[in-house]
Amino acid sequence: MRSETDVVVIGAGMGGLAAAIGAAAAGLRVTVVEAGDAPGGKARAVPTPGGPADTGPTVLTMRHVLDALFAACGTRTDEHLTLIPLPRLARHFWPDGSSLDLFTDTEANIEAIRAFAGDKEAAAFRRFDRLTLGLWEAFHKSVIAAPKPDLLRIAAATVTRPQLWPALRPGLTMRDLLGATFKDPRLAQLFGRYATYVGGRPGATPAVLSLIWQAEVQGVWAIREGMHGVAAALARVAEAKGVRFHYGAKAKRIVRKEGRVTAVEIETGASIPCNACIFNGDPGALRDGLLGDAARASMEKSARPDPSLSAWVWAFGATPIGVDLAHHNVFFTADPELEFGPIGAGEMPEEPTLYICAQDREMAAPVPEIERFEIIMNGPAGHQPFPQEEAQCRARTFPMLAAMGLTFSPDPESKALTTPALLSRRFPGSLGAIYGGSPEGTLATFRRPLARTGLKGLYLAGGGTHPGAGVPMALTSGTHAARALLADRTSAAK
């Protein structure tokens, strides 16, 4: 273990990697300790006959956030990764046989929706697109990119835009807004799906989060190396900046002396003296005392949020039969209540909507015979293992897809399934939630933990902290943590 370290980063997920780069770029000596055998955190991959398949995040938006990290290391993203802009955001399927592609081009979307649902729904989409663009412009700099939500800036950005006010009404949900916007329930269902991308249900997530649509329509990239390859590339450029990584090194305790962080102890018995620690994990691990009493006390003034959604995730290699897939695909249930009703009651959905990433499609290369797939079925956090869990999950996944014309050869093996309980064990303190705290509730966005904690020298990064879940958000959280640490060091030196 490195004996001369300014900063220890616990966890080599996206937030931890961004934090390490930010601190190292400022000249600090950084050591990263990671319990797993590779960087990435939730951006993991599993081996399949078709190669490593992602079994975590698959959508990259807001590319400028990633580009800024490589630039901080004196290099460019394109020198390390092959990013392919996707003109098609996703292909959507319904049990009635209808389908709809959406694109990065607004006019193309209007024409696609006109052909799908008629002139009135195309006009409704144009209004929705303008509304969400206004919300994005009002909230991006004041919330997403800011180190803490700036209520005065939000007020200034919205007070002169009365067209946004209806979407800001307290208690108004995405389902309410979309139901009032679209007459075709399929379109309300489609755009309501964006609530799940931050771990919420459309009927409980604030309407303002419809702005997530704009994060995608402004650009989505596929990554030839996979999302796990993004983490590996960031770790390499961090090492080139002097960051040291220790894998298979699980942090045991954050040590406090005279009111501030002085070391991080590892389960092997090693101790790394340091002046600061950035924790890239679920804040629940600190609240539960999994990193010691000092870290637990640092979180006493912040309430534990309800957990976001979890998921049952299949990652496997196979040959698909029967449906022309895009890179990103959504197979909708006929009745959203049969998905979100059981989830709200803490159960596996009866008839789920399924997201499928066909990881070898639209990659500017021939599609191999054995392709890599990730299938996500949303579920509640806190779910414990139960008898016949795999059989039940399999029965609610593949027969539904077969009824809509899609089968796989061969069927995925048991080891291809990741369950909420497995996610809970893999990411301590998370209860299996894959998006941190729930976005449900009017003030949920403003209640996420910020970078600074109640313990001097301890900072937070990751999807469980502000600004929230998703790869660009987690990367941004790491940048916020590094900047907070640097600002505090500067202040202390004066």
Side-chain angles (χ1 to χ4, degrees), residues 1-2 5-20 22-23 28 30-36 41-42 147-148 246 248-307 424-433 436-437 447-466 468 474 477-478 480-489 492:
M1 291 296 176
R2 187 175 185 175
T5 294
D6 296 311
V7 185
V8 173
V9 177
I10 299 175
M14 294 295 183
L17 292 167
L28 300 185
V30 182
T31 295
V32 179
V33 294
E34 164 59 47
K42 293 185 177 73
K148 65 180 295 185
H246 295 286
K250 186 176 181 179
K252 177 182 179 181
R253 186 167 74 101
I254 297 169
V255 180
R256 174 185 60 193
K257 187 175 181 180
E258 297 180 352
R260 66 167 302 112
V261 170
T262 57
V264 173
E265 292 182 354
I266 311 302
E267 282 197 345
T268 58
S271 180
I272 310 174
C274 59
N275 300 316
C277 171
I278 299 175
F279 178 70
N280 173 215
D282 195 286
L286 302 184
R287 293 189 180 96
D288 292 342
L290 301 183
L291 275 297
D293 292 339
R296 177 170 54 193
S298 75
M299 302 296 292
E300 286 179 349
K301 293 184 179 180
S302 63
R304 181 189 291 270
D306 293 332
S424 181
R425 292 196 299 273
R426 187 167 287 147
F427 304 105
S430 70
L431 299 177
R447 290 173 175 163
R448 287 185 178 274
L450 302 177
R452 290 182 176 90
T453 71
L455 174 60
K456 288 183 180 181
L458 176 60
Y459 304 84
L460 304 180
T465 64
H466 173 75
S477 77
H480 288 335
R483 288 176 178 170
L485 183 158
L486 294 167
D488 292 347
R489 285 175 65 91

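Each residue takes its place number in the sequence, starting with 1.
Nearest heavy-atom pair across Pro307 and Ala433 is CB-CB, 3.8 Å. Nearest heavy-atom pair, Ser430 versus Ser424, reported as atom, atom and distance to 0.1 Å: OG-CA, 3.9 Å. The two residues Ala295 and Leu286 make their nearest non-hydrogen contact at CB-CD2, 3.8 Å. Residues Ala474 and Gly463 come closest through the heavy atom pair CB-N, 4.2 Å. Closest of all the heavy-atom pairs between Gly11 and Asn280 is O-OD1, 3.3 Å. Contact detail for Ala276 and Tyr459: the closest heavy-atom pair is CB-CE1, 4.3 Å.
Separating the CZ atom in Phe279 from the CG atom in Leu460 is a distance of 8.0 Å, to the nearest 0.5 Å. In this structure, CG in Leu458 is found 4.5 Å from OG in Ser298, a value given to the nearest 0.5 Å. Between atom CD of residue Glu300 and atom CG of residue Leu455 there is a gap of 11.0 Å, rounded to the nearest 0.5 Å. One distance of note links NZ of Lys148 with CZ of Arg452; it measures 9.5 Å at 0.5 Å rounding.
Heavy-atom neighbours of Arg483 CZ from other residues, nucleotides or ligands within 6.0 Å: at or below the threshold of 12.
Side-chain contact check for Glu34 versus His246: every heavy-atom pair is 4.5 Å or farther apart.
Checked by atom type and distance alone, the side chain of Arg448 pairs as donor or acceptor with a backbone atom of Gly437 at under 3.5 Å. A distance-only check finds no donor-acceptor pair linking the side chain of Asp6 to the backbone of Leu28 [under 3.5 Å]. Ser477 places a side-chain N or O within donor-acceptor distance of the main-chain N or O of Gly462, the cut-off being under 3.5 Å. Remark: the backbone N or O of Val7 is not paired with any side-chain donor or acceptor of Thr5 at under 3.5 angstrom.
Comment: Arg256 does not engage Asp293 in a salt bridge, judged by the lack of any side-chain N to carboxylate O separation of less than 4.0 angstrom. Residues Arg304 and Asp288 are paired through a salt bridge, judged by an N-O separation under 4.0 Å between the basic side chain and the carboxylate.
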Per-pair distances, 0.1 Å, donor-acceptor, side chain in residues 258-267, under 3.5 Å, sequence neighbours excluded:
unit_1, atom_1, unit_2, atom_2, d
Arg260, NH2, Asn275, O, 2.7
Glu265, OE1, Arg253, NE, 3.3
Glu265, OE2, Arg253, NH2, 2.9

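Residues passing the salt bridge (Lys or Arg N to Asp or Glu O under 4.0 Å) test with Arg287: none are found, sequence neighbours excluded.
Of the candidates Val32, Leu291, Ile278, Leu291 is the only one forming a side chain to side chain contact (heavy atoms under 4.5 Å, CB included) with Ile10.
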